[in-house]
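Here's the structure we're looking at; comments come further down.
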Amino acid sequence: MGKLTSWFKQRSPDFSASDKEKPRLSPGNHLENEEPANENLPSTKLDKLKPVLSQMQNISSGIVAKLSSRDKPFYRRLWFWASLGVGGSVIAISYGIGTIDRTLPDKSELNAVIREQTLTIKAADGTILQQQGEAAREQLRLEQIPDNFKKAFIASEDRRFRQHNGVDPQGIVRAVLNNLRSQDVVEGGSTITQQLARILFLKQEKTIWRKLKEVRLAQKMENELSKDQILERYLNLVYLGSGAYGVADAAWVYFSKTVDQLTLPEMATIAGLAPAPSLYAPDKNPEAAKARRNLVLQRMQEDGIITAAQREAATKEPLVVNSSFPKRLQVESPYFTTYIQKELPKYVSPDVLAGGGLVVETTLNPTWQKFAEEAVAKTLRNQGRWENFKQAAMVAIDPRNGEIQAMVGGKDFGKNQFNRVTQAQRQPGSTFKGFVYATAIASGKSPYDSYLDAPFVVDGYEPKNYSENFRGWMNMRDALTRSINIIAVKVLIDVGFEPTIKLAKDMGIKSELKPTYSLALGSNEVNLLELTSAYGSFATQGLHTEAHGIRRILNRQGQVIWSSDFSSKRALDADSAAIMTWMLRNVVEEGTGAAAQLDNRPVAGKTGTSDEARDLWFIGYIPQIVTGVWLGNDDNRPTWGSSGSAAYTWHEFMEQAVKEMPVEKFPPRPKLDGRKGTIKAERLKPKSIVNKAVPSNDEDEDNSNNEERPSRRRRYSQEDQQQQDETPRRRRRRYDQEQNDDTPSYSRRRRYRSTEASSSDSSSESRPRRRRSVESQPSSPRRSRSSASSSGSGSSGSSGSSNSTPTWRERLRPSSSQ
């Protein structure tokens, strides 16, 4: 106190005289010259008090003088730098946090459930078909994971998981002490939340900046997600070595079990893998894995999860590994999943695809897919071996919504990834006739309108029948049933190129179609997917929905970023579609598609064969599903088979697929009287038409011993007509009544016959009269039975005489040949 007093005394000369004369406040907040309030105090006490008061006054005055001294500027004062340091630290921390936050994902992205750069393709029932990237094959809900399994991870990785808020300072200190004590890294300081943040959003780089972002992300995730949500995501995403992501994959990879089948020591083994999967992998380092397992068991006991007896028993158990191939690397239906990956850019932007983390929900029916694969394999194994075709393809579509239910693109994806459903452009053959006849029906023609099946050349193009035989006058329904090429070309001439091409496009054909006469016979190449989809328009009474294989696309947060919305469009009027279905049903019931018949269920469809049987087709449908089949060779080599093999393959698949499906009937055939066309025909005007003479019976026999004789063909055509529900005479009367334009069909036939007679030689003039007499002559029941037994040959013309013995190759063939 004395030193302080002397210091102030030394400073007293600095005060000015005026300051000394001014009244000052006493310690009691009274002026110095003011009389004390208590005048009754003895003078002796006042005398003793005055020095004390004076000393206190000097001290206070010195402090004021010290603070107000102008000897040092403020920036040299301690208090200024202390305040500046604290304020600057606050600003720097706030700026740093803001900078980190700007680099972190948006709040809405914190709900991510899968990693970046992954792609998961699922079937319609939710099963996984294919995964790419660091994806978990099986996503488990938290309640599906055994309680001890969850607690084993908590004991191993984050013992205060339920208490901290994303970052655990106590855990960090404990980990440092344990690592120092063990002289090894035996425990990490990162919480489960921090690890999840790193898995979902950060790279594995070891930098301070990454660690700061990890801490900040963990805090944000704790604010957005519950503890159970964080734990569930972690257990489904954590990498556990040997290609296993998540506990479900790890249980399968190391022990070939599901999580609910794991024992306590197996759970502890998997839980101990998280810090260093390569170091503690039981299939690579069993001793290290066992030591790590025992450590996890010890922590579980310390945390009260298991008893000492349970720990001791689990520790004594041997470590038995039963490795399996990671399920996430398995690919189901590879032709279909490859098709899906090529379709994705149509629905999501390139940056979304580049970011990954997508889940694609498809339309594939796994059960039907299995049936399709089995049917194709069976055909290649049996018919393919004898009929010289090495490849096959099949696709099944729900025509009501366009969803692809099954797709088999070839024999062996591992050897050849070429998808013959979507990538192979092949000639459809007679299957294209469906569009030609549909155009004719929609233009107002009757299925009973007749055309002459006889040799003719139009503008230098000469169509030929598959069997090289001729059947005379036939109506359109029978011509489609027997797949007569010449009549199909004549129908195309009547309706025109443009209406036919437009209808085919509207029904689903996307490939280029050229306006040539051979268009009627399927000379323009198409792929199986579009051809099958187009035939589906017949099944839906003229409505077409684009074929597709994706229902929804989800992002990393499980949000739907694209959903299918394919609306149906009217391609063909309902009546014409119903008439075409009625005609195509006859192809299966009595014609070239007989091998496709199903028990107690109506089927419609069309066969097709390209030149030299290079392509064998059958496209068939019921009201609920349309399926297409192609058989052939990639190098376009001819086959020894027939489209009946394709129809047989269709039957093998559909027989299994429709077992649990209710039977639905096709709509009834509309009335044919008084129909008006919905498509305007644009009849072609050829520069020249040359009608040739029909070869004689002797010429037919010389050409091929297996071909039918003309008289036999005439009976066959006549008996086919008599199998209908109307007599020939009544049908001819109906022909006369139905009109497509102002000229009756009967008159047109007469003029057409006279034109043919004038252009042919004299030897053929009698043919129309002989044909009319045959068509009007009723056949006996015996003759009808004989004709019915041979109807499976169709237009192939390969049936032999009735008393000939079939060869071994013919016995292996299906009953239908076209």
Side-chain angles (χ1 to χ4, degrees), residues 114-140 236-237 239-246 248-254 256 258 323-348 353-354 356-378 380 391-397 403-424 528-529 547-554 556 634 653:
I114 55 179
R115 297 170 181 255
E116 292 180 334
Q117 307 299 325
T118 60
L119 176 65
T120 302
I121 301 176
K122 294 184 177 181
D125 63 354
T127 57
I128 294 177
L129 299 174
Q130 183 177 359
Q131 286 182 303
Q132 292 181 350
E134 301 172 345
R137 179 75 177 189
E138 186 177 1
Q139 294 279 338
L140 298 177
N236 279 314
L237 295 173
Y239 180 64
L240 297 169
S242 299
Y245 289 87
D249 279 4
W252 177 258
V253 167
Y254 294 115
S256 300
T258 59
S323 300
S324 293
F325 192 71
K327 287 185 178 181
R328 73 182 189 89
L329 301 180
Q330 299 174 6
V331 179
E332 304 292 337
S333 311
Y335 287 108
F336 178 75
T337 56
T338 303
Y339 159 74
I340 292 298
Q341 293 181 56
K342 292 182 179 180
E343 289 290 294
L344 280 176
K346 295 182 181 179
Y347 310 125
V348 294
L353 282 176
L358 300 180
V359 175
V360 183
E361 298 177 352
T362 72
T363 61
L364 193 77
N365 184 323
T367 303
W368 288 11
Q369 178 68 20
K370 180 181 178 182
F371 294 152
E373 291 172 355
E374 291 174 350
V376 167
K378 182 178 180 180
L380 289 172
Q391 287 294 345
M394 176 185 290
V395 64
I397 304 172
E403 292 186 347
I404 299 173
Q405 304 286 306
M407 178 185 288
V408 181
K411 180 180 181 180
D412 189 346
F413 183 84
K415 294 181 179 179
N416 191 333
Q417 291 77 45
F418 184 69
N419 191 336
R420 293 152 192 87
V421 173
T422 60
Q423 295 177 284
L528 179 59
L529 179 62
H548 59 279
I550 301 176
R551 286 181 177 172
R552 300 195 308 172
I553 303 175
L554 286 68
R556 297 179 62 206
D634 288 338
F653 163 71

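- Considering CH2 of Trp368 and CD of Gln405, their distance stands at 5.0 Å, rounded to 0.5 Å.
- For the pair Gln117 (side chain) and Ala354 (backbone), a donor-acceptor distance under 3.5 Å is present.
- Thr362 places no side-chain N or O within donor-acceptor distance of the main-chain N or O of Ile550, the cut-off being under 3.5 Å.
- Rounding to the nearest 0.5 Å gives a distance of 11.5 Å between CD of Glu361 and CG of Leu129.
- The two residues Tyr347 and His548 come nearest to each other via the heavy atoms OH-CB, 4.5 Å.
- In this structure, the side chain of Tyr245 does not engage the main chain of Gly133 through any donor-acceptor pair within 3.5 Å.
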Inset, instruction - Could you go through the side-chain contact (heavy atoms from CB on, under 4.5 Å) check for Val421 and Tyr339 one step at a time? - result: CA-CA 10 Å; Val421 173; Tyr339 159 74; over 6 Å; no
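- Nearest heavy-atom pair across Leu240 and Gly246 is CD1-O, 3.7 Å.
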Inset, instruction - Please lay out, stage by stage, how Gln139 and Ile114 fare under the test side-chain contact (heavy atoms from CB on, under 4.5 Å). - result: CA-CA 9 Å; Gln139 294 279 338; Ile114 55 179; 3.9 Å; yes
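- The two residues Leu529 and Ala547 come nearest to each other via the heavy atoms CD1-CB, 4.2 Å.
- By the salt bridge (Lys or Arg N to Asp or Glu O under 4.0 Å) test, Glu373 pairs with no residue at all, sequence neighbours left out.
- When the side chain to side chain donor-acceptor pair (under 3.5 Å) test is applied to Thr127, the partners found at least two apart in sequence or on another chain are Asp125.
- Partners of Asp634 under the side chain to side chain donor-acceptor pair (under 3.5 Å) rule, at least two apart in sequence or in another chain, are Arg420.
- With hydrogens and angles disregarded, a donor-acceptor distance shorter than 3.5 Å links the side chain of Thr363 to the backbone of Ile404.
- Asn236 places a side-chain N or O within donor-acceptor distance of the main-chain N or O of Leu140, the cut-off being under 3.5 Å.
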Legend entry - Residues Val395, Thr422; criterion side-chain contact (heavy atoms from CB on, under 4.5 Å); working and verdict: CA-CA 10 Å; Val395 64; Thr422 60; over 6 Å; no
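- Remark: Lys370 engages no residue in a salt bridge (Lys or Arg N to Asp or Glu O under 4.0 Å) (not counting sequence neighbours).
- Across every non-hydrogen atom of Pro326 and Ser242, the tightest pair is CG-O, 3.5 Å.
- Checked against salt bridge (Lys or Arg N to Asp or Glu O under 4.0 Å), Lys346 has the following partners two or more places apart in sequence or in another chain: Glu343.
- Glu134 places no side-chain N or O within donor-acceptor distance of the main-chain N or O of Thr118, the cut-off being under 3.5 Å.
- Listed for the Gln417 side chain is a donor-acceptor partner under 3.5 Å among the backbone atoms of Phe413.
- One distance of note links OG1 of Thr120 with CD of Gln131; it measures 4.0 Å at 0.5 Å rounding.
- Under the side-chain contact (heavy atoms from CB on, under 4.5 Å) criterion, Gln341 pairs with Leu119, Ile121, Gln130, Gln132, not counting sequence neighbours.
- At a threshold of 4.5 Å between non-hydrogen side-chain atoms, the residues Met407 and Asn419 count as touching.
- Between Phe336 and Gly549 the shortest heavy-atom distance is CZ-O, 3.7 Å.
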Legend entry - Steps toward side-chain contact (heavy atoms from CB on, under 4.5 Å) verdict (Gln369, Val408): CA-CA 8 Å; Gln369 178 68 20; Val408 181; 4.0 Å; yes
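- A distance-only check finds no donor-acceptor pair linking the side chain of Thr338 to the backbone of Tyr335 [under 3.5 Å].
- Here the CD1-CG distance, from Ile340 to Leu364, works out to 8.0 Å after rounding to the nearest 0.5 Å.
- In this structure, CD on Gln391 lies 6.5 Å from CG on Asn416, to the nearest 0.5 angstrom.
- Minimum heavy-atom separation, Arg551 to Ala124: NH1-CB, 3.8 Å.
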